[in-house]
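Read through the structure below, which is laid out as structure tokens, and then see the notes.
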There are 2 protein chains.
Amino acid sequence: MKVESAQNPDLERAADMIMDAVRKRRAVLIVGRCWVDYLGRASSRLGRGERIIMIKEDGALLIHRPRGYEPVNWMPGGEVAYHVEAGPYQSSDRREASGCSMVLRIKSVRRRPRETLNIFFDEVYFVSVLNLTDHGEFSLYASEEDMQRAILAQPSLIEDGLRMISYEKKVDPGFVDVYGIDKEGRIVVIEIKRRTAGKEAALQLARYVESIKASTNRDVRGILVAPGIAKGVQRLLTVLGLDFKQLDPKRCVEVIKRSRGDDLLKYFR
Amino acid sequence: MKVESAQNPDLERAADMIMDAVRKRRAVLIVGRCWVDYLGRASSRLGRGERIIMIKEDGALLIHRPRGYEPVNWMPGGEVAYHVEAGPYQSSDRREASGCSMVLRIKSVRRRPRETLNIFFDEVYFVSVLNLTDHGEFSLYASEEDMQRAILAQPSLIEDGLRMISYEKKVDPGFVDVYGIDKEGRIVVIEIKRRTAGKEAALQLARYVESIKASTNRDVRGILVAPGIAKGVQRLLTVLGLDFKQLDPKRCVEVIKRSRGDDLLKYFR
DNA sequence: TGCTAAATCTCGAAC
DNA sequence: GTTCGAGGTTTAGCA
């Protein structure tokens, strides 16, 4: 069975299912009325309400409210210890449980950083223990690295006559994404941004260029490569003596994938 | 009913439940075997596998693999449009569905930024439609703002004789967290970090101090306040002529909460 | 609406 | 182990 569920289990039954699932390293879904305390890198308190709790095979825990992308409380997976128990209400369960005599407690602890998450339920509407198999491959395209690869494979994306020399070369202030030699023989430093570049990108590139200039007698140019630049950044680039080259990440994907004839786009419209 | 579930529903039934839930703005949990395409700020592809899908009341969608804190694919809540349907396998459903003739499709689209998420199921193990009520209050303590408040309430946390003047005063390069006058009458600029401060914090503070110095004839000191400093930052501070004051965010919480006699810590050990 | 800084950021890679 | 940087970052606070 992929899924073992219980509707409106009593708190002991829910505790048994959850404990068992955590021990067997199975994912669990819990829907119930709970309140939550967190202490670790910060501290937080969440009043009573109905939420979805997900515990994953590696111990990762997520508490989701009915709205929003982010969990309200969580515990990252890895070295996490769990204590699950149902028992009579205690003073340490906080004053949230008004009329209830029984409480289900899930305590999740990790060290380094030391963090503790306490969840208290007075109602559990639903528990589901999952036995999932997932070996699917995940690929993310059009990353900054893909843009690098595309430029190295086809430097004319930037300008004619450009020859690439290296990439991600370390220099004093940080990293140069790509650099090469232009048709005039000048060193070209390229800073790549996958998204609209802001002034930070321009300033970073300026630092790179200065750093290279300090170690050579040759002319050094800086080119900011991005799908676009934020307002006012062109002026900053001009002041700094830098160039901008518009380049779409999706075009880079096409350059990389062209040989495969892989038309990813046809699945969308 | 808080929860309406179906075990191993056929794909049409699952589609009906999900469509209905989305229309009624109810949260849904889906467990099934699926593959996923995303196109928007980047592009991604996820091969077939068993996962947990959560759609929330505001349209937020999360696809969780059996491990890890983060969803593998997602759609933030807000202005998201959904199309849900079950139907015969089509070529646009990609080659993942090997032996299956029917496919359940969930398509999620948002504009600005334009993003499309396509989920294809060939098996649905479980669907649950939730009717949740959650008005619980969430409080996060020991934020940077809490540290500000604590210092303003009790400047001796930094040093004796310090008087606070203002906080979050805007200056040229960004913001001053807090500033005041020390017992020698010098202006004191305080940069607060809730976590171990790195060199960026020191450099930012140096910029603040320079900015203040430029607009006054008085002596100006800079103090970096944080629970700790990263290795090598003390040397940088010395070079820059800045001070460091160790301050624990939890102590700030105590200062703020003291009057209430609120002992948050007793719930943990 | 757009930008900036913080996050219990998480995650992975490099040192 | 620690540090550093990227992320489909998200989110909140403002100009």
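Each chain gets a letter, A, B and so on, in the order its sequence line appears, and its residues count up from 1. Just so it is clear, the model here is predicted, and its values are computed rather than measured.
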Next item on the list: May I ask you to list the residues of residues 69-81 of chain B, by number, that have any heavy atom positioned under 4.0 Å from an atom of DNA chain D?
Entry: B:Asn73, B:Trp74, B:Met75, B:Pro76

Margin query: If I take atom CZ in residue A:Arg67 and atom P in nucleotide D:dT11, what distance separates them, rounded to the nearest angstrom?
Written below: 13 Å

Item checked: Partner residues of B:Leu240 under the side-chain contact (heavy atoms from CB on, under 4.5 Å) criterion, sequence neighbours left out -> B:Ala202, B:Leu203, B:Ala206, B:Leu236, B:Leu242

Next item on the list: Please collect all salt bridge (Lys or Arg N to Asp or Glu O under 4.0 Å) contacts where either partner lies in residues 64-79 of chain B, sequence neighbours excluded, each pair once.
Entry: A:Glu57-B:Arg67, A:Asp134-B:Arg65

Next item on the list: Please name all residues satisfying salt bridge (Lys or Arg N to Asp or Glu O under 4.0 Å) with A:Asp58, sequence neighbours left out, ordered by chain then number.
Entry: none

Checklist line | Span that lies between the P atom of C:dT8 and that of C:dT4, in whole angstrom | finding: 22 Å

Atom pairs and distances, donor-acceptor, side-chain atoms in residues 26-34 of chain A, under 3.5 Å, two or more places apart:
{"residue": "A:Arg33", "atom": "NE", "partner": "A:Asp122", "partner atom": "OD1", "Å": "3.0"}
{"residue": "A:Arg33", "atom": "NH2", "partner": "A:Asp122", "partner atom": "OD2", "Å": "3.4"}

Next item on the list: Rounded to the nearest 0.5 Å, what's the gap from CD1 on A:Ile223 to CG on A:Leu247? Could you check?
Entry: 11.5 Å

Margin query: Below the 4.0 Å mark, does D:dG8 have OP1 or OP2 next to a side-chain nitrogen or oxygen of B:Arg45?
Written below: no

Margin query: Whole angstroms only, please: what is the CG-P distance between B:Leu236 and D:dT3?
Written below: 15 Å

Notebook entry, point to check: Given C:dT8, C:dT1, D:dG8, which nucleotide is nearest the side-chain atoms of B:Arg112?
Noted result: C:dT1

Item checked: Qualifying residues under side-chain contact (heavy atoms from CB on, under 4.5 Å), relative to B:Val220, sequence neighbours excluded -> B:Ile187, B:Val189, B:Val209, B:Ile212, B:Lys213, B:Thr216

Note to self: Test of understanding: with ring-ring contact (aromatic ring centres under 6.0 Å, His included), list the residues that count as partners of A:Tyr69, not counting sequence neighbours.
What the structure shows: B:Trp74

Item checked: side-chain contact (heavy atoms from CB on, under 4.5 Å) partners for B:Thr133, two or more places apart -> A:Glu50, B:Lys2, B:His135

Check: Of all of residues 50-65 of chain A, which get a heavy atom below 4.0 angstrom from DNA chain C, listed by number?
Finding: none

Next item on the list: Find the distance A:Leu117:CG to C:dT8:P and express it as a whole number of Å.
Entry: 13 Å

